[in-house]
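First up is the structure itself, then whatever we jot down about it.
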Amino acid sequence: MSAEVETSEGVDESEKKNSGALEKENQMRMADLSELLKEGTKEAHDRAENTQFVKDFLKGNIKKELFKLATTALYFTYSALEEEMERNKDHPAFAPLYFPMELHRKEALTKDMEYFFGENWEEQVQCPKAAQKYVERIHYIGQNEPELLVAHAYTRYMGDLSGGQVLKKVAQRALKLPSTGEGTQFYLFENVDNAQQFKQLYRARMNALDLNMKTKERIVEEANKAFEYNMQIFNELDQAGSTLARETLEDGFPVHDGKGDMRKCPFYAAEQDKGALEGSSCPFRTAMAVLRKPSLQFILAAGVALAAGLLAWYYM
């Protein structure tokens with residue numbers, strides 16, 4: 001009788017230990033930064049899915065002119081991000097996530113800029129105003145709170161390796177870009193053999209960072225802040241897109257097709273020269289309509305650029 005009691009008690013004790021170990025394992029898993037980011041940004045994902053701009057982009061409803069401006073916004077965004085990553089490559093809160101050969105996009109974006117604007121592209125472009133806010137935030141984080149740089153790096157690069165590939169196909173099909181990759185080098189990761197395996201490695205490195213729970217929560221907050229910036233731009237985009245559609249119908253001409261010297265078209269030149277419209281020989285009246293609202297082109301450009309990172313979360 002006593003032996004039976006001891007056996008029963010031994011089983012109960014074993015079950016308690018197993019249960020305790022399982023509970024501890026679940027707690028540790030939920031404390032992983034990747035899990036916290038996934039759960040902590042879920043609401044932002046749901047809101048973003050329902051914006052008209054996101055739906056239209058996935059359907060391929062994008063003009064080449066806007067895609068060129070989007071590439072410009074991406075160039076300045078990644079230039080800022082990679083500058084701050086380089087600055088913090090030895091920082092313990094970021095060093096394990098420093099993969100310049102595998103992930104950095106500035107060189108690829110330079111090729112895309114040359115494809116769209118020509119060899120003298122640097123003389124033609126400037127950072128769109130809408131993207132400038134994000135650039136400023138990245139620089140602030142990199143210089144003052146480098147541990148939060150993880151939020152921006154993870155959101156951008158893991159997104160590019162995931163849903164970014166969907167956007168590449170959409171852009172190539174909708175804009176009739178070469179299948180050989182010209183104009184979409186941004187989405188080509190030549191030094192990543194298996195995107196899925198690399199993302200697993202990246203998440204494992206991120207989860208292994210020596211960060212306390214408060215810092216992890218701040219990283220999630222920073223990621224949500226980035227989503228919120230995107231949402232504000234998307235809402236403006238919905239309004240701007242409606243305005244552009246009405247003006248296209250009223251004027252009866254299509255948007256500039258993106259061919260030729262961009263400096264000769266007032267659609268892009270507006271921000272660089274407020275008087276570009278006067279005496280312009282550009283035949284596209286829609287571009288002139290956009291010019292009457294100088295902020296429109298930059299809202300659209302930055303929105304498309306930032307959308308890549310946001311959309312990507314849906315496919316991770």
Quick one: which of K106, R156, R105 gives a side-chain hydrogen bond (donor to acceptor under 3.5 Å, both in side chains) with Y78? R156
Carboxylate-amine/guanidinium contact E222 R218, below 4.0 Å: no
For ring-ring contact (aromatic ring centres under 6.0 Å, His included), just list the numbers for Y115 and W121, CA-CA rounded to whole Å, side-chain angles, deciding distance to a tenth of an Å, and then say yes or no. CA-CA 9 Å; Y115 173 78; W121 63 271; over 10 Å; no
Could you tell me which non-hydrogen atom of A223 sits nearest to which non-hydrogen atom of T41, and how far apart they are? CB-CG2, 4.1 Å
Within the distance-only criterion (no hydrogens, no angle test), does the side chain of Q185 pair as donor or acceptor with the backbone N or O of G181 below 3.5 angstrom? yes
With side chains defined as the heavy atoms from C-beta onward, is the minimum distance between E217 and E221 less than 4.5 Å? no
Decide yes or no for E82 and E86: does some side-chain heavy atom of the first lie under 4.5 Å from some side-chain heavy atom of the second? no
Does CD belonging to E107 count more than 12 external heavy atoms closer than 6.0 Å? no
Under a plain distance cut-off of 3.5 Å, with no hydrogens placed, do T180 and E182 share a side-chain donor-acceptor pair? yes
D210 atom CG, neighbour heavy-atom count above 12 within 6.0 Å: no
Please say yes or no: joined through hydrophobic side-chain contacts below 4.5 Å, possibly via intermediate residues, are M213 and L209 part of one cluster? yes
Approximate separation, where rounding is to 0.5 Å, of T77 OG1 and Q132 CD: 9.0 Å
Distance (rounded to the nearest 0.5 Å) between L74 CG and F186 CZ: 4.5 Å
Test D112 against T71 for side chain to side chain donor-acceptor pair (under 3.5 Å), laying out the working first. CA-CA 7 Å; D112 289 338; T71 302; 5.6 Å; no
V150-Y140 co-clustered via ILVMFWY side chain contacts under 4.5 Å: yes
Establish, yes or no, whether a centroid distance under 6.0 Å links the rings of F99 and H104. no
When you check the side-chain N and O atoms of Y157 and E102, is any donor under 3.5 Å from an acceptor? no
Among I141, L149, L97, which residue meets the side chain to side chain contact (heavy atoms under 4.5 Å, CB included) test with N88? L149
Distance to the ring centre below 6.0 angstrom and angle to the axis at most 45 degrees; does that hold for K68 and F117? yes
So if you build clusters from Ile, Leu, Val, Met, Phe, Trp, Tyr with side-chain heavy-atom gaps below 4.5 Å, do L103 and L201 land together? yes
